[in-house]
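Hydrogens, waters and symmetry mates play no part in the numbers below; they use all other heavy atoms, side chains included. Remember, it's 1-based here, ligands and their atoms both numbered in the order they're listed.
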Amino acid sequence: MFFNKKSPSKSTEVDLTRVPKHIAIIMDGNGRWAKSKGLPRVAGHQQGMEVVKKITIAASDLNVKVLTLYAFSTENWKRPAKEVGFLMKLPTRFFDTFVPDLIKNNVKVSVMGYIDQLPLETQKAVEQAVEQTKNNTGMILNFALNYGGRAEIVTGMQNLAQQIQTGALQPEQIDEQRISDVLMTASLNSYRDPELLIRTSGEQRISNFLLWQLAYSEMVFLDQHWPDLDAEDLKQAIVIYQNRDRRFGGIKEDKK
Ligand code: IPE
Ligand code: IPE
Ligand code: MG
């Protein structure tokens, strides 16, 4: 048993029996990482892509069931066209080099977001990776690409309104389950809501990510920029999660 010096009762080793099944990550700080090295922002995105590969394998090795990565938000279109252009080319580069490893590790790619609004080349790269890994039965690597939590809720509500209009649904039948069913995480079934949200680079906000699904997620904010993250940092975040008391509005059982 290992102990952290500062808080002797808290373990610093991952308890492999209590690894979160769904981990969501806001991969932040690529630009600041590059700037700190005197490099253009896109160099941070390039390095960030390599880190996605490492963290994917690390999460899969820890037996995580779903890893959702926030890769491009519906708000990121506000960035300069050159940076957006670079980000749109990343999926092609990523999957060109990484699909064999994904297959070797039994990882299945999925994607959520407004994919039809992406450049055709980007759509093709993503669709191909989904197709090439569709028979894998291990971890789901779920990319949030052109994703926004509010937009997702708007689309979901339109879906419910249409069901009501056609008579398929009565307003009083709308409940949390039916709302969850029309969101972009629906295909993740019992793993829809992440137990753990990690954001890198010191920013402590949600930035329109998984607004509904994060209702009871534990949030861990790491100071490191995404391109500096490694498997040990992921494990550290999981240990922090494992040392939290998740009460869901209830009270903690007295263990005496
Ligand atoms: C995260 O890094 C990547 C994307 C949002 C696509 P940033 O590009 O936001 O990096 P910072 O936050 O400007 O440092
Ligand atoms: C959130 O990061 C989006 C992604 C990581 C894809 P941002 O860098 O866009 O968020 P803000 O602008 O700092 O809130
Ligand atoms: Mg950022």
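With hydrogens and angles left out, the side-chain atoms of Gln242 and Asp15 include no donor and acceptor closer than 3.5 Å. Checking Glu152 against Gln213 by side-chain atom types alone, a donor-acceptor pair falls below 3.5 Å. At a cut-off of 3.5 Å, with distance as the only test, a side-chain donor of Tyr114 or Thr155 sits close to an acceptor on the other residue. Looking only at atom types and distance, the side chain of Thr137 has a donor-acceptor partner in the side chain of Asn106 under 3.5 Å away.
Summary of contacts: the protein heavy atom closest to atom 10 (O) of ligand 1 is Gly31 N, 2.9 Å. The shortest contact between atom 7 (P) of ligand 2 and any protein heavy atom is with Arg79 NH2, 3.8 Å. Atom 2 (O) of ligand 2 has Arg199 NH2, 3.6 Å as its closest protein atom, hydrogens excluded (heavy atom only). Nearest protein heavy-atom contact of atom 9 (O) of ligand 2 is Asn76 ND2, 2.9 Å. The protein atom (non-hydrogen) at minimum distance from atom 14 (O) of ligand 2 is Ser207 OG, 2.6 Å. The closest protein non-hydrogen atom to atom 12 (O) of ligand 2 is Arg205 NH2, 4.6 Å.
With hydrophobic clusters built from ILVMFWY side chains whose heavy atoms lie under 4.5 angstrom apart, Leu183 does not share a cluster with Val111. Hydrophobic clustering places Leu141 together with Trp226 (ILVMFWY residues linked when any side-chain heavy atoms are closer than 4.5 Å, directly or through intermediates).
Restricting Asp28 to its N/O/S atoms, the shortest distance to the Mg ion (ligand 3) is reached by OD1.
Residue contacts with ligand 1 for His45 involve side-chain atoms from C-beta outward but no N, CA, C or O (heavy atoms, distance under 4.0 Å). Counting heavy atoms closer than 4.0 Å to ligand 1, residue Glu75 contributes nothing at all.
In the displayed structure, Lys82 atom NZ is contacted under 6.0 Å by at most 12 heavy atoms of other residues, nucleotides or ligands. Atom CZ of Arg150 has 12 or fewer neighbouring heavy atoms from other residues, nucleotides or ligands inside a 6.0 Å radius.
The aromatic rings of Tyr70 and Phe209 lie parallel to each other, their planes meeting at an angle below 30°, with 60° marking the opposite boundary.
Ligand 1 has an N or O atom lying under 3.5 Å from an N or O atom of Asn30, backbone or side chain. The shortest N/O to N/O separation between Tyr70 and ligand 2 does not fall below 3.5 Å.
Under a 4.0 angstrom heavy-atom cut-off, Lys35 registers as lying outside contact with ligand 1. Residue Ala71 places a heavy atom less than 4.0 Å from ligand 1. Contact between His225 and ligand 1 is absent, with no heavy atom of the residue lying under 4.0 Å from the ligand. At least one heavy atom of Arg41 sits closer than 4.0 Å to an atom of ligand 1. Distances from ligand 1 to the non-hydrogen atoms of Ser201 include no value under 4.0 Å.
Applying the 4.0 Å criterion to heavy atoms of Phe72 picks out, from ligand 2, the atoms 6 (C). Of all atoms in ligand 2, numbered sequentially from 1 with element shown, those under 4.0 Å from a heavy atom of Met27 are 5 (C).
Judged by distance alone, with hydrogens and angles left aside, the side-chain atoms of Ser60 form no donor-acceptor pair with the main-chain N or O of Met139 at under 3.5 Å.
Here Lys124 does not pair with Glu127 in a salt bridge; the nearest charged N to carboxylate O distance is not below 4.0 Å.
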